[in-house]
Amino acid sequence: MWQRIIALAIKEFQALLRDPKSRFVIAGSPLIQLLVFSFAATFDLSNIPIAIYNQDGGQAAQALVARFEGSGHFKNVANIRRESDIARVIDAQKALMVLTIGPRFEADLRTNQPATVQLIIDGRNSNTAAIALSYANTLIADFNTHWQTSHQLRAPPSVIKTRAWFNPNLESRWFIVPGIVAILMLVVVMVVTALSVAREREQGTFDQLLVTPLRPVEILIGKAIPGFAIGLLEGSIIIFLAVNAFAVPFEGHLLTLYIGMGLFLLSAIGIGLMISALATTLQQAVLGVFLFLVPAIILSGFATPIANMPPFVQDLTLINPMRYFMIILRGIFLEGSSFQSLQNQFWPLALIGLVTLATARWLFRHRMN
Amino acid sequence: MNHPSARRGGSLMRIGGLIHKEFLQILRDPSSIAIAFLLPVILLLIFGYGVSLNAKHIPLAFVADAPDIESAALYASYNHSAYFSPQIAPNLPTAERWLVNRQVDAIVHLPSDFTAKLNTASQPAPLQLIINGVDANQARLTQAYIQAGWQSWLAARAQAAGFENSWAAAQPVELAARIWFNPELRSRNYLVPGLIAVIMTLIGALLTALVMAREWERGTLEALMVTSVHINELLIGKLVPYFVLGMGGMTLSVAMAVWLFGVPFLGSLWLLVLTSALFLLTALGMGLFISIVARNQFVASLIAIITTFLPAFMLSGFIFDIGSMPGWLQNLTYLVSARYFIVILHTLFLVGDVPAVLWPNTLAMLAIAVFFIAASRRKIRKSLE
Amino acid sequence: MTSHLVENDTDAIAIQGLHKSFGKAPHATQAVNNVSLHVPMGTVIGLIGPDGAGKTTLMRLMAGLLTPDAGSVQVLGVNVQKDPLTVQASIGYMPQHFGLYEDLTVQENLTLYADLQGVPFAQRPDRYQQLLTMTGLGAFTDRLAGRLSGGMKQKLGLACTLVRPPRLLLLDEPTVGVDPVSRRELWAIVYQLVKEDGMTVLLSTAYLDEAEHCDQVILLHEGQILGQDTPAAFTQHLAGRVFGAKRAQGLRRHLQAELKQHPHILDAVIDGDWVRVLLTEQASPPALPDGVWQPLPPRFEDAFVLMLHGQRTAQTPPALAPITPPHSEPTAHARPSEVIAVHALTRRFGAFIAVNTVSFSVQRGEIFGLLGANGAGKSTTFRMLCGLLPASSGALSVAGVDLFTAAAKARARIGYMAQKYALYEVLSVMQNLKFFARAYGLKGEHLSRRLAWALAEFDLGHYRDTNSGLLPLGFKQRLAMACALMHEPDILFLDEPTSGVDPIERRAFWGRINRLADQGVTIMITTHFMDEAEYCDRLVIMSQGRILAAGTPAAIRAQAQTEAAPNPSMEDAFIALITEPTQPMGAIA
């Protein structure tokens, strides 16, 4: 039995990797995507375009502007002279925000009156706006502390001392790169498994396969092996690069990681084979891939936290293998999570794998008749 | 059969015939219709309802080493906030265990000397905040929310104590932020239009990615090519039906955005139609190009899966800010037509007609559409080589 | 024999010094090599040659679908390279597989091509009527083209290319995979077009009997023209070299195999009750103990075989090499002699009955043929026998079991070669062979022995690393057969194994089949070539899901015997049976 399955698996590898175009898509593109997306996917803003409308021009105002310019987050793109220019630069997206320093800024400051600066932010991209606003708040707070200490003003009665565990500098790349690992593994597994039967159906080789002594379950295993092997191999390479090229810390155990990867691959393969069994044409298979892939990525907690979703959508994410794998990857990478602390992620993955593989097997037998 | 244009010459008749044929094929295999209409509905519903960057009810552990009236007041201030669901932990190690097990996202810790220091002017009372930094973005937001809660507690305390000129009542500089276009920072208002661009990239490319490869594989292209059909007519005959389908999906998406998700639409409709049409052409053109280059459906499927969704998701500025990417990558994003359309959609929905934003982006999309269609035209020619 | 190479105004096609190669420099293949020819107006020209001769390339060059490397092509007085659209507007071209949209109906296909060819609306109803009457598709206008039988597809493809009457009609293998009745109808249409509309028709075919219907034949081999002349001129010099042999005892195929060994005999094929032989020049028939010789009139096929004889000797399989090793030789008493038994087998698809109470049985070592028009239910029967499809009712057993329900390992006893050769096109020849061998559990030394056998027996060594999708058709067929034989099955199912394959390849194919049968392998085969039916020990003819006739080839031929036709060929018998209005006879034991 195993010899036949291995024969089929070898054939699947050859069918995937002999054609240069498909070889490139399967072997080359994940690495390119890792490179591109790892640089692209960050919530840490830099070079936020800011326009300054400095009506004061005094020393303190200059110092405040210098704080913005020197922070590394902001880039002064325009010095505005008129009120009406504010709308112009914001509307045309020349600047994301405009800092307005009123004419009485320094006077108020020196007389211990509250000196108000106004910040107008383009809210079209609400996430960017919120992050930029929090940067500005921090800058102003720093400015205040500095002003108070240098002018012997009364210090605040309390201070917040923040420590961030697992990611002390709050680098969002550390959070995103493990997510990209999961996404790329999912994509490659779907590509390898979901299209394979539809392809044989369109080429007419499926019947030829069915008259061999290969049983349906053996065909399923044979078609699952390349997905598993390619997924595991590419996952390993991507993780190696993530740690070594992108300097994402790796705190956990490799064994725990591979248990998680194995379980995740099984569930992804199960879904891929289900799509494969249902689709009669490649177009249908591609449609199936996207109908699964896009929600699976969006509802995985990759870019937007699951906790922010409404309860019924949160419940829906419970059947998404990506949800668990994201937690496993981030836990192992950043938190050094142990097997025990992740077991509540492992068993749902195993369950999803079992259910989808069994369903794929049933569909496979069912659709043959 | 209705070809009103046919009397005007053979070319229109041929194009009409090809379009009619394509529509018939679409009707026979409804997976194209599913791509055009089912995909956007499902994805918009999931995204529109499911995804929000606005955190609510962040689980928070609250530890006071020496609970007293001050700590109770601070706790109350977090408890009243919609952002937090604070839980009192008996001691710091318990709270830390909660953090490790992901039961809470942050710990607010008041050391035993907190109240004492609060009432002496010499030393500020330290409030210790421990935060799970794994999701850095979320951690930053949580930190900002906690700080805001802490500040309002300080202000309330100062007011109650009657300090006229206390620190909390008058900071040297106050930041008055005003957020235009989306004052409450409803993330749905920006996610939904952005998602329309991502979905339409997917749909446009998927609709056409397989059609040429399919004609190649099934041998029908050979029969078409030997008729009097001109190659331009062949391309138009392929683009028009899927353009109509895509615009249908687009209309549906915009209608859902406005009426279901309540995203305001402040721009003019004709600009929306114009820019959508242009954007759809870039996506269809890309699909057609993939189809012609791949020549077989399997490879075309692979390329379509790899080059559509993820680049539109990651490199368009939909979630991740393009300005913060390294320079070489920013240059790469100029090739992603979704980046232009997202800006246009955000502007048309939330701001209105801003020519300075609309025209450069529209022209960029035009350039991409022309590029893909011309490249398809060059690559296909009218021969089998 | 290039007697028509004179330039004149009445040429429909004039080709001068044409070259076309594919692939990059070191591996380039010359598909068309220095071809010059002229086709006069108003004639039917056959383009004949073995697989990979360059027939399709030549036709595509004429239709302006390919650009020549050198030389010129004038079609209807227009240079194709300079003005392909003008040429394409005035010719009709039907590619292989007919170029139909299978998800469109008959009428929708016609309308599409009418639009593309600019047929004015006013003329359409009449033209559609005319074409539908001519092709007999009038009753099926709402049927999807994909649901039509092969013969009907072919006629619809033809109707689509004729929707605006062209002056020149190019047909690429129009009769591949089409039953004899449909083929005859096609030829009737072609003649009608030439006679009534003055059309010029150029068609390529692998059926050499069709060459004799042509006014002229162009013989193409390895991209070069071997000759262009009337069919009669090709056979003229063969008079006195063709004989029929008959022996009172024994199988015809044994006689054929025996005669083939003789040094003076170039070709031996079974033809009705006779074995037809072609002698070398100046030779006389060898002595035949207890047999008789009879002179026969030469045919075009004899000329074809003769012209290609010298060129293909290397590819003839080693004579009488044992096709399966002796250890698999079954002993007569070890197994029941009835290997396939089918009783009242029925298969319904919704309301449609594809196979209707069919019964037959096949003995071990028999070559059993399943003949029928397109859509007669042959492939459905096959799929049920191979366990790919459950029967709706009735009983069937293959090697004692129903493969649909039996354990998977029972399938190891059968070999199956699907229609159109289901090979993995992106895999190399060797990879295909290895996969199928391993799928059947071969390993180690046994595996390498069988691989070596397959490469040698089917002469695939030259192509071992070539992608199977790029092989010439004849080699695809060899590879598909090799794959089906890797595990030395007891029963071999062959579904239209020779469709579109040239006569030389078909001879080699039947040589192998005969040797397999002699070693006790049971062979079940469907075919559209009626001359091949003669190789079967017994056969059934199916129509509309039922069996019309069953028995030995001689017995079936006898059924069609009339006073007008005392010696009907198998094709005559087939057509007589199929077109006969009587009720089918149902079950035959």
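Numbered from 1 within each chain, the chains take letters A, B, ... in sequence-line order.
Of the residues considered (Thr347(B), Ile42(B), Asn189(B)), Thr347(B) shows the highest number of contacts with chain A, using heavy-atom pairs under 4.5 Å. Of the listed residues Ile322(B), Leu99(B), Leu332(B), Ile303(B), the one with more heavy-atom pairs under 4.5 angstrom with chain A than any other is Leu99(B). Chain A forms the most heavy-atom pairs under 4.5 Å with one residue out of Thr308(B), Ile306(B), Val198(B), and that residue is Ile306(B).
Asp122(A) has a carboxylate O that lies under 4.0 Å from a charged side-chain N of Arg124(A), or vice versa, which qualifies the two as a salt bridge.
Interface remark: Ile305(B) contributes backbone and side-chain atoms alike to the contact with chain A (heavy atom separation under 4.5 Å). Residue Leu43(B) touches chain A through its side chain alone, counting heavy-atom pairs closer than 4.5 Å. Within the 4.5 angstrom heavy-atom criterion, only backbone atoms of Ala304(B) (N, CA, C, O) approach chain A. Residue Glu96(B) touches chain A through both its backbone and its side chain, counting heavy-atom pairs closer than 4.5 Å. Proximity to chain A (any heavy atom under 4.5 Å) is restricted, for Ala294(B), to the backbone atoms N, CA, C and O. Proximity to chain A (any heavy atom under 4.5 Å) is shown, for Leu310(B), by both the backbone and the side chain. Only the side chain of Gln143(B) comes within contact range of chain A, with at least one heavy atom under 4.5 Å from a heavy atom of that chain. Contacts between Leu315(B) and chain A at a heavy-atom distance below 4.5 Å involve the side chain alone, from C-beta outward. Of the atoms belonging to Val134(B), heavy atoms from both backbone and side chain fall under 4.5 Å from chain A. At a 4.5 Å heavy-atom cutoff, Thr333(B) makes no contact with chain A through either its backbone or its side chain.
A donor atom on one side chain and an acceptor atom on the other are not found under 3.5 Å apart for Gln297(B) and Arg199(A). Defined by atom type and a distance below 3.5 Å, a donor-acceptor pair is present between the side-chain atoms of Ser172(A) and Asp44(A).
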Exercise for the section: Would you please test Tyr190(B) and His346(B) for ring-ring contact (aromatic ring centres under 6.0 Å, His included) and show each step? Expected result: CA-CA 7 Å; Tyr190(B) 110 92; His346(B) 279 151; 5.7 Å; yes
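Nearest heavy atom pair, residue Asp135(B) against residue Pro305(A), reads OD2-CG, 4.0 Å. Between Phe298(B) and Ser22(A), the shortest heavy-atom distance links the atoms CE2-CB, 4.2 Å.
The side-chain tip of Arg330(A) points at the ring of Phe175(A) from less than 6.0 angstrom away and within 45° of straight on.
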